[in-house]
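Remarks on the structure that follows.
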Protein chains: 2
Amino acid sequence: MNVLSDRLVNLFGALAVGITDRIKKAAFDPTIPGGGETTAAIVVIGHATGLSIDELGRVLGLSHAGTVRLVDRLVAAGFAVRSKALRDRRAVALMLTEAGETRLSAILQRRNETLSEILSHVSNADRLVLERIAETILAQMSDDAVSALTICRLCDERRCYNCPMDAFGRLCCTIRSIGVTRPL
Amino acid sequence: MNVLSDRLVNLFGALAVGITDRIKKAAFDPTIPGGGETTAAIVVIGHATGLSIDELGRVLGLSHAGTVRLVDRLVAAGFAVRSKALRDRRAVALMLTEAGETRLSAILQRRNETLSEILSHVSNADRLVLERIAETILAQMSDDAVSALTICRLCDERRCYNCPMDAFGRLCCTIRSIGVTRPL
DNA sequence: GCATAGTGTATGCGCAGCGCATATATCACG
DNA sequence: CGTGATATATGCGCTGCGCATACACTATGC
């Protein structure tokens, strides 16, 4: 027997699914070729500028081949470039173009607006508790930088100070700051 | 300027994405042919026994053709049947087979276990607040039965008493109780 | 320095899932 | 009974992905 309320389990699951639908719908950009996780790829490259195709694939849960094609699409559309990695001449250092940065800003803005609208119906007191709950759960959901980036693949990292995913030096913010100098 | 904390917005979004990933991973059943929303289709048919292909397609966000093929796969695998609708001889009344019901139970059990494990790290006091927050947000996220079922497409309806999606007579639970007698 | 194993990237090939356009059957309404 | 709307089904082609493979570079051991 579980001490947890079945109702809470259900409501929490429905909430996550419903909110995620909204986020993905808001973040979706028809000018970016390719559905699925292509939009997330732009955010991830923005988070972890200089990451490799292999790392991007692990973050997005795609095969190498699938990731190569995804990057092909982004490059062809002018949103990302494959530049030379500093340490390893086999690897590619992915980064956004100006156009890619512009798309990224638009994606994050729409995401933030959607979430803000939804949260506006929650009282101030409850928001404090919600923030603590989210922090608690997130802090124990990832074991390494890859899984942290996966969870944060649609986050606005620039506005996430004190990111709980960062608690063990494995956060997205950390990854960005270390740039290409440290593999995921 | 938004009075909402940027950090809360980010953490809440990351939480939703991360939890949804976990739910979908847990619910995924390799014995069910076809990825994407095929698993959800079984849950939805279980929720709203007797619904039509058109209704299922709207709930899952698929085209008619895509939904027909999805149902083809479920039927071929022996998890669902197309039976005659009572009122409309054009329409199909979808329902699960014994094997489908078995799969449904397994899917929901894995989902519930995953969510329970995650929520076990939240204090009892915070759980009460979380339940209220989820209720508040969910109650204003859907306008009709289709969008309610979309949000509830991975829910364990049998354990969701007082479902907030039901508040306006448009809930998944309602849909089940009315069976085939009322279109979505 | 050199051989061998390991890693990162790219490509040929085929498959699965989906949407568009279309065809057919049934319903709703005058 | 005729016309338009609705529900389902299918042919066709596209897209995204994975598997297997090829190639380039790195790392390690001798």
Side-chain angles (χ1 to χ4, degrees), chain A residues 24-25 28-42 44-45 48 50-77 79-95 146 180-184, chain B residues 24 28-42 45 48 50-77 79-95 146 180-184:
Chain A
K24 291 191 175 176
K25 189 177 171 189
F28 178 73
D29 186 333
T31 68
I32 301 175
E37 299 293 337
T38 316
T39 302
I42 288 191
V44 172
I45 296 173
L51 90 171
S52 69
I53 286 182
D54 177 71
E55 290 162 344
L56 178 63
R58 277 185 286 150
V59 168
L60 298 180
L62 295 179
S63 69
H64 281 253
T67 312
V68 169
R69 304 287 154 73
L70 187 155
V71 171
D72 285 346
R73 292 194 298 272
L74 289 181
V75 171
F79 296 135
V81 289
R82 282 182 239 240
S83 58
K84 296 287 181 186
L86 301 179
R87 297 166 296 108
D88 190 333
R89 279 186 301 176
R90 293 169 301 179
V92 158
L94 297 171
M95 41 191 67
V146 168
V180 298
T181 64
R182 175 173 145 187
L184 299 182
Chain B
K24 291 190 174 176
F28 178 73
D29 186 334
T31 68
I32 300 174
E37 299 293 336
T38 316
T39 303
I42 288 192
I45 296 173
L51 91 170
S52 69
I53 286 182
D54 177 70
E55 290 162 345
L56 178 63
R58 277 184 288 152
V59 168
L60 299 180
L62 295 178
S63 68
H64 281 251
T67 312
V68 169
R69 304 288 154 72
L70 188 153
V71 171
D72 285 344
R73 293 194 297 272
L74 289 181
V75 171
F79 296 136
V81 289
R82 283 183 239 238
S83 59
K84 296 287 182 186
L86 301 179
R87 298 167 295 107
D88 190 333
R89 279 186 301 176
R90 292 169 303 179
V92 159
L94 297 170
M95 40 191 68
V146 169
V180 298
T181 63
R182 174 172 147 188
L184 300 182

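Letters A, B, ... mirror the listed sequences (proteins, then strands); counts begin at 1. Heavy-atom basis, side chains included; hydrogens, waters and symmetry copies ignored.
Within 4.0 Å of A:Ser52, counting heavy atoms only, lie sugar-phosphate atoms of the nucleic acid but no base atom. Base engagement by A:Val68 is indicated by at least one non-hydrogen atom pair under 4.0 Å involving a base atom. A:Ala65 comes within contact range of at least one nucleobase, with a heavy-atom separation under 4.0 Å.
A:Leu56 and A:Leu94 make their closest contact through CD2-CD1, 3.8 Å (heavy atoms, listed as atom of the first residue, atom of the second, distance). Of all heavy-atom pairs between B:Leu60 and B:Ala41, the closest is CD1-CB, 3.8 Å. Pairing each heavy atom of A:Gly66 with each of A:Ser63, the nearest pair is N-OG, 3.0 Å.
Counting heavy atoms from C-beta outward, B:Arg82 and B:Ile53 have side chains that approach closer than 4.5 Å. B:Val71 has its side chain out of reach of B:Val92: every pair of non-hydrogen atoms, C-beta onward, lies at least 4.5 Å apart. With a 4.5 Å cut-off on side-chain heavy atoms, B:His64 and B:Thr67 do not count as touching.
The NE2 atom of B:His64 sits 16 Å away from the P atom of C:dT22 (whole-angstrom rounding). Per the geometry, CG belonging to A:Leu94 stands 11 Å off C1' belonging to C:dT9, to the nearest Å. In this structure, CG of A:Asp72 is placed 7 Å from P of C:dA10, rounded to the nearest angstrom. To the nearest angstrom, C1' of C:dA10 lies 15 Å from CG of A:Leu56. Atom P of nucleotide C:dC15 and atom CZ of B:Arg73 are separated by 16 Å, given to the nearest angstrom.
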If a protein heavy atom is under 4.0 Å from the base, mark B; if only from the sugar-phosphate, S; if neither, -; do that for nucleotides 24-30 of chain C going 5' to 3'. -BBS---
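Protein chain B contacts DNA chain D from D:dA5 to D:dC12, reading 5' to 3' and using non-hydrogen atoms of the protein with a distance under 4.0 Å.
Separation of atoms CG (B:Asp54) and CG (B:Leu62) is listed at 12.0 Å; rounding is to 0.5 Å.
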Using residues 28-40 of chain B as the side-chain source, report each donor-acceptor pair under 3.5 Å to any protein atom, sequence neighbours left out, with the distance given to one decimal.
residue	atom	partner	partner atom	Å
B:Asp29	OD1	B:Thr31	N	2.9
B:Asp29	OD1	B:Thr31	OG1	2.6
B:Asp29	OD2	B:Thr31	OG1	3.4
B:Thr31	OG1	B:Arg103	NH1	3.1
B:Glu37	OE1	B:Arg153	NE	3.2
B:Thr38	OG1	B:Gly34	O	2.9
B:Thr38	OG1	B:Gly35	O	2.5

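Judged by distance alone, the side chain of B:Ser83 and the main-chain N or O of B:Ala93 form a donor-acceptor pair under 3.5 Å.
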